[in-house]
Number of protein chains: 2
Amino acid sequence: MSTPLAHIVDDDEAIRDALTWLFRTREVASAEWSSAEEFLAAWQPEWRGCIVLDIRMREMSGLECFDVLQEQGNTLPVIFLTGHGDVPMAVSALKKGAFDFLEKPFEDNALVDVVIRALAKDAKRQASQASQASVANHLALLTPREQEVMNLVLAGKFNKVIADELSISMRTVEVHRARVFEKMGVRSAVELAQLLAPSRDKGSGSDSGEH
Amino acid sequence: MSTPLAHIVDDDEAIRDALTWLFRTREVASAEWSSAEEFLAAWQPEWRGCIVLDIRMREMSGLECFDVLQEQGNTLPVIFLTGHGDVPMAVSALKKGAFDFLEKPFEDNALVDVVIRALAKDAKRQASQASQASVANHLALLTPREQEVMNLVLAGKFNKVIADELSISMRTVEVHRARVFEKMGVRSAVELAQLLAPSRDKGSGSDSGEH
DNA sequence: GACTCAATTGTGGTCATCCGCAGTGTGGAA
DNA sequence: TTCCACACTGCGGATGACCACAATTGAGTC
């Protein structure tokens with residue numbers, strides 16, 4: 001199991017050591033990576049925690065690393081560290097979904113606070129995603145026909161009408177319907193609607209932002 | 001009705017004129033305000049569009065103006081303009097929900113693009129909020145007893161059980177239930193659940209759920 | 001060929017929902 | 001006082017939902 005970790009990605013060993021020590025004294029578990037490439041090679045989508053990413057590194061920069069991560073579906077909050085960032089860089093990073101953007105030198109407390117908030121955010125995201133994934137798993141257990149019937153049930157149609165539209169008997173609809181309820185772990189169409197309602201929205205927001 | 005406007009808030013008349021001219025040539029409707037105070041005094045929550053806010057102004061700064069707006073429930077996207085912003089300022093503004101943060105000098109095209117995206121975002125937000133408000137209006141038509149029954153219906157309970165919990169007859173529950181459907185403009189509990197699924201908090205829940 | 005699984009259908013019955021009809025009682029507004 | 005909105009109730013019937021029991025067919029697997 002992956003424990004939540006603050007992943008420190010920086011090619012400066014002195015800084016890595018300092019951050020590792022800082023996090024250890026604040027009881028924040030962390031891991032060290034000496035380059036963006038090394039981190040990307042190891043990165044797994046199921047990791048939890050957050051990423052503390054230095055912008056200026058010898059090979060791949062932190063910003064490039066961030067882009068690659070986002071393409072690969074990373075959901076971990078990313079905190080950028082930079083010695084000489086400019087405003088457009090910070091704005092771009094945040095608009096692309098970075099969690100925060102800190103200029104060196106920064107207060108130890110400030111960084112730790114941000115990391116702790118990032119860890120909390122990831123934990124929350126993880127929780128809500130877990131329940132959504134569970135629904136998706138149950139949904140995957142349904143046969144095509146069952147899904148078809150389910151959709152019509154959710155459209156509020158009577159079994160009679162569903163039978164008609166699918167050109168099958170009412171009895172068959174009842175059987176499918178019962179199996180859908182059973183497999184989805186609900187006891188009524190109302191519960192089913194509520195279970196599926198949150199995940200039935202369209203479009204993922206691009207940029208967002210509440211805090 | 002309020003047309004979507006790009007509200008230009010800047011105490012420098014030359015800049016206001018330039019922006020107004022720029023927007024007009026791009027067919028973006030705009031309005032001018034010569035100070036944060038003037039804008040705040042006129043501001044109405046139902047306005048649509050976006051706000052182009054200069055940071056450095058004589059009296060109240062753009063950042064202060066932004067804080068006041070957020071407190072008052074502003075939902076319009078805010079685009080900051082600044083001649084000499086620093087990274088922490090930009091980061092803070094974006095994390096507090098600003099739409100964008102542009103440093104002068106900027107390309108005309110860049111600003112117009114941002115404004116157009118901001119207007120689009122507001123239009124989208126407005127649309128989704130409208131349907132939500134409509135649901136709220138319908139909910140407000142329900143009598144207290146009807147809302148109570150509705151919550152129990154949405155909990156997936158049988159009329160019999162609802163009658164029991166409220167210590168009334170089944171027939172009365174049926175009457176309330178029918179009125180709820182009628183007033184909410186739905187024809188079944190499933191439709192009701194879907195209508196209310198995105199936005200809802202528990203009220204008057206007696207016992208909690210199982211499953 | 002035996003076996004599993006998805007899809008299909010019927011019978012007959014129970015329980016829940018929905019509705020029209022016909023009322024009672026209460027508290028506030030005109 | 002009259003009118004009205006709200007809450008409440010009973011009866012009986014039509015319709016829908018759910019279920020146990022019992023089967024058939026075709027596709028794909030072992």
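Every chain is numbered from 1 and lettered A, B, ... according to where its sequence line falls, protein lines coming before strand lines.
Taking the side chain as every heavy atom from C-beta outward, B/Phe99 and B/Val78 never approach each other to under 4.5 Å. For the pair A/Gln194/A/Val186, no side-chain contact is recorded, criterion being any heavy-atom separation below 4.5 Å from C-beta on.
OP1 or OP2 of C/dT17 has at least one side-chain nitrogen or oxygen of B/Asn159 nearer than 4.0 Å. Look at A/Thr143 and you won't find any side-chain N or O under 4.0 angstrom from OP1 or OP2 of C/dC5. Proximity of A/His176 to the phosphate of C/dA6: no side-chain N or O atom is located under 4.0 Å from OP1 or OP2. Contact annotation: A/Thr172 side-chain N/O to C/dT9 OP1/OP2 distance is under 4.0 Å.
Ring pair A/Phe101/A/Phe80 is tilted by interplanar angle, where 30° to 60° counts as tilted.
Separating the CG atom of A/Leu141 from the P atom of C/dC5 is a distance of 14 Å, rounded to the nearest angstrom. Look at CZ on A/Arg145: it is 15 Å from C1' on D/dG26, rounded to the nearest Å. B/Glu174 places its CD atom 16 Å from the P atom of C/dC21, with the value rounded to the nearest Å. Separating the CG atom of A/Leu142 from the C1' atom of C/dC5 is a distance of 15 Å, rounded to the nearest angstrom. A straight line from CD of B/Glu148 to P of D/dC6 spans 15 Å, rounded to a whole angstrom. Taking atom CE of residue B/Met150 and atom P of nucleotide D/dC6, one finds them 16 Å apart after rounding to whole Å. Summarising the geometry, the separation between CE on B/Met170 and P on C/dC15 is reported as 12 Å, rounded to the nearest angstrom. If you measure from atom CZ of B/Arg179 to atom P of D/dT9, you get 15 Å, rounded to the nearest angstrom.
Taking only side-chain atoms of B/Ser169, from C-beta outward, the nucleotide of C/dT9, D/dG10, C/dT17 with the closest atom is D/dG10. Set against C/dT8, C/dC18, D/dC18, the side chain of A/Phe181 has D/dC18 as its closest nucleotide. Side-chain proximity of A/Lys160 to D/dA7, D/dA17, D/dG16: nearest is D/dG16.
Under the rule for a salt bridge (charged side-chain N to carboxylate O under 4.0 Å, His left out), the partners of A/Asp100 that lie at least two apart in sequence or sit in another chain are B/Lys95.
Among the atoms of the strands shown, base atoms are found under 4.0 Å from some heavy atom of A/Arg171.
Nearest-nucleotide positions on DNA chain D place B/Lys183 closer to the 5' end than the other of B/Lys183 and A/Phe158.
Under 3.5 Å, the side chain of B/Glu146 and the base of D/dC6 form no donor-acceptor pair of N or O atoms.
Ring to ring, B/His7 and B/Trp43 are not that close: their centroids are 6.0 angstrom or more apart.
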